[in-house]
Amino acid sequence: MQTTQRRSGVCINTTGWKRKIGLYVGPAFILIFSPLFFSAIPANANRKTFKSSVKPGWYYFGRKMDTADFEWMMWFSTFREHILFALSGHVLFAKICSMLAPQHRSLVYMVYGLLAVWTSMGWTYVTLILSHCILLYSISLVKLRWLCFVTGLATLATFKCEPFVSWQADFVQGDFELRHVLFYGGCGFTIMRCISFALENCERKEGNYNILELLKYNFYLPFFYFGPIMTFDKFYVQANNPNLARKEREMWNISVQGLIHLAAILVVDILFHFMYILTIPSDVKLLNVLRCWLCVAVGLAYTNLVYDWVKAAVMFGVINTVSRLDHLDPPKPPKCITMLYVFAETHFDRGINDWLCKYVYDYLGGKHNNVLEELVATLCTFGVTILWLGPCQVVLIWAFFNCFGLNFELWTAKFFSMEPFASFEMAMSEAMSRRIRAIFNTFNFWTIVLYNILALNSLDFAKLVAKRLLLRGFPITTIIVMFVTYCLIQVIKERERRQALIDDPDPIPPAPVPAPIPATTISSTVTTAATPAAPQPVVEPGKEKAE
């Protein structure tokens with residue numbers, strides 16, 4: 001999780017050759033160096049790491065499959081048939097209800113979701129979930145935000161520490177493979193949804209929401225086990241809207257998105273059979289003996305982050321497609337790692353990100369201009385994130401560095417807004433100012449990459465990447481990588497500039513045409529014009545718009 005409040009990055013304009021380099025050099029780099037790197041796989045196929053995570057795959061092609069990502073295997077191999085069956089039933093009943101009784105569709109969603117959870121996990125699990133809902137609903141009636149938040153976080157902590165975890169896990173019936181995954185997923189997201197409901201109920205001026213609204217919100221099946229989280233205020237308005245008219249070409253867009261997600265699943269499946277990008281980083285000894293250490297330092301780290309973004313986009317995209325069929329507007333997919341050059345936009349789960357921004361980060365940070373308020377807001381935000389992910393060494397290190405990076409951006413912006421730096425920048429040309437900012441964003445980009453490798457792979461792999469990129473690769477490799485990243489950031493900023501002009505054109509109004517001067521006032525006008533007026537500062541419209 002990271003926050004979405006944007007504070008840095010200036011939109012720019014680029015020349016044609018920079019744009020072409022940025023567009024094609026990233027994929028070309030992977031295509032050129034990946035075969036050289038992965039040619040070492042057959043010679044090391046008998047290593048212990050490969051035996052544990054590389055399993056039989058495409059029999060007719062003689063390819064084995066990388067199964068190191070349990071989450072992907074769970075979704076698209078082990079749990080695939082169950083997901084398709086459950087979501088297909090949800091879509092069918094939702095469609096029938098939307099045609100016959102659209103005003104009761106949220107109730108039908110709740111009933112179907114409750115029955116699906118009951119069938120898969122048993123009535124004791126449903127009882128446990130209902131007990132948490134009743135507890136948070138009762139606390140919300142007091143309408144004290146701090147009490148709702150403390151109770152919710154304390155309840156969430158019971159799924160992270162013993163003996164509460166084992167005691168609650170005994171409520172789940174059955175011994176199928178995914179019992180523990182569904183248990184923690186359903187309970188964790190339930191607590192987050194209950195906190196959202198409680199806080200929104202505190203904000204309601206008159207009366208309280210019905211507990212039935214909480215159950216409708218929580219037992220909406222597409223979001224129940226694995227999210228994403230939609231805050232209660234948005235869900236309540238959208239789920240209870242009787243007007244189910246669709247926008248022009250909305251169904252066409254939903255169909256296209258579904259086909260794109262299917263294509264992405266096939267691409268990832270091909271990637272798992274030919275490029276073992278998840279198994280290789282776990283074998284540090286193999287990485288140390290490979291010849292192509294440039295690809296190890298840059299290509300493998302970058303590919304891992306891109307894959308994690310694709311996984312999040314596909315997993316949430318499939319569920320979001322179903323929710324769009326239900327006339328909901330779910331959280332958007334995460335922003336691609338290639339497009340990130342500020343810590344304020346790095347997040348892989350926009351639902352959790354929106355939840356944290358609404359109830360913690362923006363609530364405590366205000367306008368995010370004060371250094372002390374920003375520090376308190378980020379510390380509290382990452383504190384909740386650590387509790388959500390589960391406290392451990394990797395999570396603590398990841399949270400510390402990302403929290404520092406988020407605050408360091410504000411400190412840097414405050415520092416360079418002071419004199420004499422502000423005067424220096426005003427004296428610069430617009431292009432030079434953009435180039436200097438892009439240089440800082442280049443180092444920021446690789447800092448984001450290194451920090452997030454901690455959460456995706458391991459601390460040892462992050463150390464290896466940093467050492468080979470900054471020490472063993474200096475100066476030639478480091479300069480080449482930074483130059484390519486600089487061109488990429490130039491392209492990204494140009495794209496953002498154009499999109500900003502489309503979203504908010506903000507045209508400069510033309511100067512008013514002066515009215516004709518009467519003949520009787522010509523003499524007085526000439527007398528007044530003899531006195532020179534005070535000079536007005538000249539403002540560059542393009543630079544003002546970009547800032």
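When reading the values below, keep in mind they use all heavy atoms of this one structure, side chains included, and skip hydrogens, waters and symmetry mates.
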| Where do Q238 and D326 land on the side chain to side chain contact (heavy atoms under 4.5 Å, CB included) test, with the steps shown first? | CA-CA 9 Å; Q238 297 175 20; D326 296 334; over 6 Å; no
Show the nearest heavy-atom pair for residues [X] and [Y], with the distance to one decimal.
X	Y	result
N218	C133	ND2-SG, 3.9 Å
C202	K143	SG-CA, 3.5 Å
Y225	S120	OH-OG, 2.8 Å
R324	P330	CG-CD, 3.9 Å
H273	D269	ND1-O, 2.7 Å
V395	G390	CG2-O, 3.7 Å

Is the backbone N or O of [Y] less than 3.5 Å from a side-chain atom of [X], with the two atoms forming a donor-acceptor pair by type?
X	Y	result
Y302	V449	no
R350	P333	yes
N201	N208	no
D354	M230	no
T151	C148	no
K414	N369	yes
S88	F85	no

| said: How about NZ on K234, more than 12 heavy atoms from neighbouring residues, nucleotides or ligands closer than 6.0 Å, or not? | reply: no
Answer with yes or no after comparing the ring centroid distance for [X] and [Y] against a 6.0 Å cut-off, counting only values under it.
X	Y	answer
F159	H132	yes
Y220	F235	yes
Y361	W355	no
F224	F219	yes

Answer yes or no: is there a side-chain heavy-atom contact under 4.5 Å between [X] and [Y]?
X	Y	answer
L459	I397	yes
Y109	L221	no
L454	Q393	no
M315	I319	no
M73	M65	yes
F316	P331	no
W72	L278	no
F183	M121	yes

| Would K358 and D233 satisfy side chain to side chain contact (heavy atoms under 4.5 Å, CB included), going step by step from the backbone distance to the final call? | CA-CA 11 Å; K358 180 177 177 62; D233 56 334; 3.5 Å; yes
| query | Parallel, tilted or perpendicular for F404 and F408, by the 30°/60° rule? | reply |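 F404 vs F408 ring planes: parallel.
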| request: Assign the ring pair F232 / Y209 to parallel, tilted or perpendicular, where the plane angle (0 to 90°) is split at 30° and 60°. | output: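 Because their plane-to-plane angle is over 60°, the rings of F232 and Y209 count as perpendicular.
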| request: Could you walk me through whether N402 and N452 pass the side chain to side chain contact (heavy atoms under 4.5 Å, CB included) test, one step at a time? | output: CA-CA 8 Å; N402 280 275; N452 284 280; 4.2 Å; yes
Working to the nearest 0.5 angstrom, can you tell me the gap between [X] [atom1] and [Y] [atom2]?
X	Y	atom1	atom2	answer
T385	L356	OG1	CG	4.5 Å
E373	L364	CD	CG	9.0 Å
M110	L115	CE	CG	9.0 Å
I195	T155	CD1	OG1	7.5 Å
L379	E374	CG	CD	10.0 Å
L130	I134	CG	CD1	6.0 Å

| message | On the six-membered ring of Y363, is R145 placed so that its NZ or CZ lies under 6.0 angstrom from the centre and within 45° of the ring axis? | response |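 Yes; both conditions hold, so R145 lies above the ring face of Y363.
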Do [X] and [Y] pair up side chain to side chain, a donor and an acceptor below 3.5 Å, judged on atom types alone?
X	Y	answer
Y359	E200	yes
S106	Y236	no
Q257	N320	no

| request: Tell me, with the steps shown, if E71 and F226 meet side chain to side chain contact (heavy atoms under 4.5 Å, CB included). | output: CA-CA 11 Å; E71 192 174 18; F226 304 108; 5.8 Å; no
